[in-house]
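Since the structure comes first, as structure tokens, the remarks are kept for the end.
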Amino acid sequence: MQASPSPVVQRIGVPRETFPGEKRVATVPDAVGKLIKLGFKVAVESGAGDAAHFSDDSYLAVGADVLPDAASLWAASDIVLKVRPPSADEVALMQDGGTLIGFIWPAQNPELMQQLTAKRATVLAIDSLPRTLSRAQKMDALTSTAGVSGYRAVIEAANAFGRYFNGQITAAGKVPPAKVFVAGAGVAGLAAIGTAASLGAIVRANDTRAEVADQVKSLGGEFVKVDYEEDGAGGGGYAKVMSEGFQAAQRQMYAEQAKDADIIITTALIPGKPAPKLITAAMVQSMKPGSVIVDMAAEQGGNCELTVPGQTVERHGVTIVGYTDLASRMAKQASTLYASNLLRLVEDLCKAKNGVAVVDMEDDAIRGLTVTKDGAITWPAPPLKAAPKPAPKPAAMPAVEKKGSHGRGAPLPAKNLAIIFAVAAVVLWFIGAYAPAAFLGHLTVFVLACFVGYMVVWNVTPALHTPLMSVTNAISSIIAIGALVQIAPPQSGIEGRPDGLILWLAFAALVLTAINMFGGFAVTRRMLAMFRK
């Protein structure tokens with residue numbers, strides 16, 4: 001009986017990006033080494049990583065083949081990894097029945113979809129990943145790219161602004177901090193908020209999704225709410241189109257922010273639709289001279305009416321940055337993150353680690369990514385199956401209260417409370433009537449110390465309970481006073497020293513107490529240091 005032939009190892013190809021101005025590359029040398037460990041062969045077009053500062057030699061060093069041109073690369077590759085959607089010329093070079101992984105944007109590129117189906121290609125569009133799946137986060141290239149773009153938007157704003165972001169007091173006078181307004185608090189917006197806040201700016205932000213308010217605050221920003229009740233949460237982590245009433249209230253809020261802000265960064269995008277116009281020409285005109293707008297939605301038409309995609313222009317004294325390649329302007333970082341996302345996807349496609357990718361249409365993440373399969377269009381993917389609801393917990397049986405008792409946590413009956421106070425009053429009267437005056441003074445101090453100590457500890461942040469215990473442990477070593485009294489020389493009118501055993505016990509107590517005191521303070525100091533930046 002003959003053994004079944006082993007599957008033929010597939011070759012992964014990485015061509016140079018041909019889109020004008022694109023500097024990113026679909027994989028980096030670190031990821032290539034891991035792809036080879038999965039059993040694949042890897043080929044890279046010569047010069048593919050040059051713009052991102054990854055040389056051909058760095059790919060050769062980890063075991064990749066470097067092919068001289070695009071034609072030989074596409075012809076030799078079973079699987080092609082790309083950043084931008086392929087051009088018509090690149091599709092023509094593709095193997096019949098090959099596999100393509102990268103950004104495709106099927107809704108915006110119907111002609112490209114037809115060209116790929118004619119090639120009987122299997123295409124996995126990384127932009128179609130179901131982002132609601134927690135296990136798919138490792139493959140979420142949209143999030144990785146948006147984070148880089150949001151960071152770069154602030155850098156571009158700082159470059160065009162020409163002033164400090166943080167407030168300063170100098171010998172020449174006081175410099176106020178820059179005021180930054182971020183329209184849209186998705187991944188890109190949150191990255192911009194965190195970057196601007198870390199540079200010292202006063203940051204305000206708005207989003208149609210109310211649930212992001214806490215995220216804005218956690219990054220050091222202030223959430224500006226629209227005076228209109230409507231939730232803008234859409235499917236897959238995106239925002240939805242809002243009603244006319246909400247949009248009118250939002251425009252009014254944006255107009256107020258435009259007059260006060262030094263920098264506006266817009267990030268609002270809705271999948272498959274042109275970018276909504278949030279900043280009108282009138283708002284731009286109302287801004288202070290020297291202000292800056294960075295329109296991150298420029299590639300989809302822009303959120304500002306005066307944005308020119310791909311260019312920086314000045315209108316009414318305001319600089320409007322409409323770059324469409326923000327991620328590409330940080331090519332090395334963006335390529336590294338994108339290569340990691342594609343690596344995780346290939347790992348899911350090749351669980352056997354035998355160098356063969358298997359597109360499992362039963363896998364929700366892979367099914368969502370797959371827009372064409374063997375030449376048939378499979379986009380859009382069917383809605384994800386809702387997770388089964390957990391079985392309801394059985395209703396708890398009401399506790400049967402025994403006669404003459406009350407449940408834990410229930411307030412004491414008034415009669416019982418009155419009896420307790422009466423007994424306490426009698427005990428205090430008895431102590432006051434017969435105890436020595438010195439004892440009453442000590443008792444008063446003891447009761448007050450217990451009360452004050454309880455209130456102090458009760459109001460301490462739980463995170464500091466352990467340091468507090470260590471310092472109170474050190475302070476409680478008042479036993480040292482008793483040991484010192486025993487060791488001290490006798491005074492006039494007082495009996496002589498105690499015998500040798502008591503002296504040695506007092507000395508031992510003093511040594512142990514000293515260790516406890518110094519150790520307690522040392523531990524407290526080290527633990528409190530953990531809470532400092």
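Throughout, residue positions are numbered sequentially from 1 according to the sequence presented.
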Please table the atom pairs, donor to acceptor, closer than 3.5 Å between any side-chain atom in residues 248-255 and protein atoms at least two apart or in another chain.
unit_1 : atom_1 : unit_2 : atom_2 : d
Gln250 : NE2    : Tyr254 : OH     : 3.4
Tyr254 : OH     : Asn206 : OD1    : 3.2

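Counted by atom type alone, Thr143 and Asp140 present one or more donor-acceptor pairs between their side chains at under 3.5 Å. For the residue pair Thr312 / Tyr323, a side-chain donor-acceptor distance below 3.5 Å is found, with atom types taken as modelled.
By the 4.0 Å N-to-carboxylate-O rule, Lys179 lies close enough to Asp260 to be salt-bridged with it. Salt-bridge annotation for Asp325 and Lys23: absent, with no side-chain N of the basic residue lying under 4.0 Å from a carboxylate O of the acidic one. Between Glu90 and Lys82 a salt bridge is recorded (basic side-chain N to carboxylate O distance below 4.0 Å). Using a 4.0 Å cut-off between charged nitrogen and carboxylate oxygen, Glu156 and Arg329 count as a salt-bridge pair. For Glu222 and Arg204, the salt-bridge test passes: some basic side-chain N is under 4.0 Å from an acidic carboxylate O. Using a 4.0 Å cut-off between charged nitrogen and carboxylate oxygen, Lys119 and Asp96 count as a salt-bridge pair.
Using a 4.5 Å cut-off on side-chain heavy atoms (C-beta onward), Ile126 and Leu342 make contact. Side chains of Ile193 and Val216 form a contact here, defined as non-hydrogen atoms less than 4.5 Å apart.
Smallest separation of non-hydrogen atoms from Arg24 and Ser335: CA-OG, 3.4 Å.
For Thr280, there are no side chain to side chain donor-acceptor pair (under 3.5 Å) partners two or more places apart in sequence or in a different chain.
Although no hydrogens or angles enter the test, the distance criterion places no donor-acceptor pair under 3.5 Å between the side chain of Ser328 and the main chain of Ala331.
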* Between Asp262 and Ser291, does a side-chain hydrogen bond (donor to acceptor under 3.5 Å, both in side chains) hold up when you go through it step by step? -> CA-CA 5 Å; Asp262 298 305; Ser291 299; 4.9 Å; no

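Lys332 forms a cation-pi arrangement with Phe54, by the criterion of a distance under 6.0 Å to the ring centre and an angle within 45° of the ring axis.
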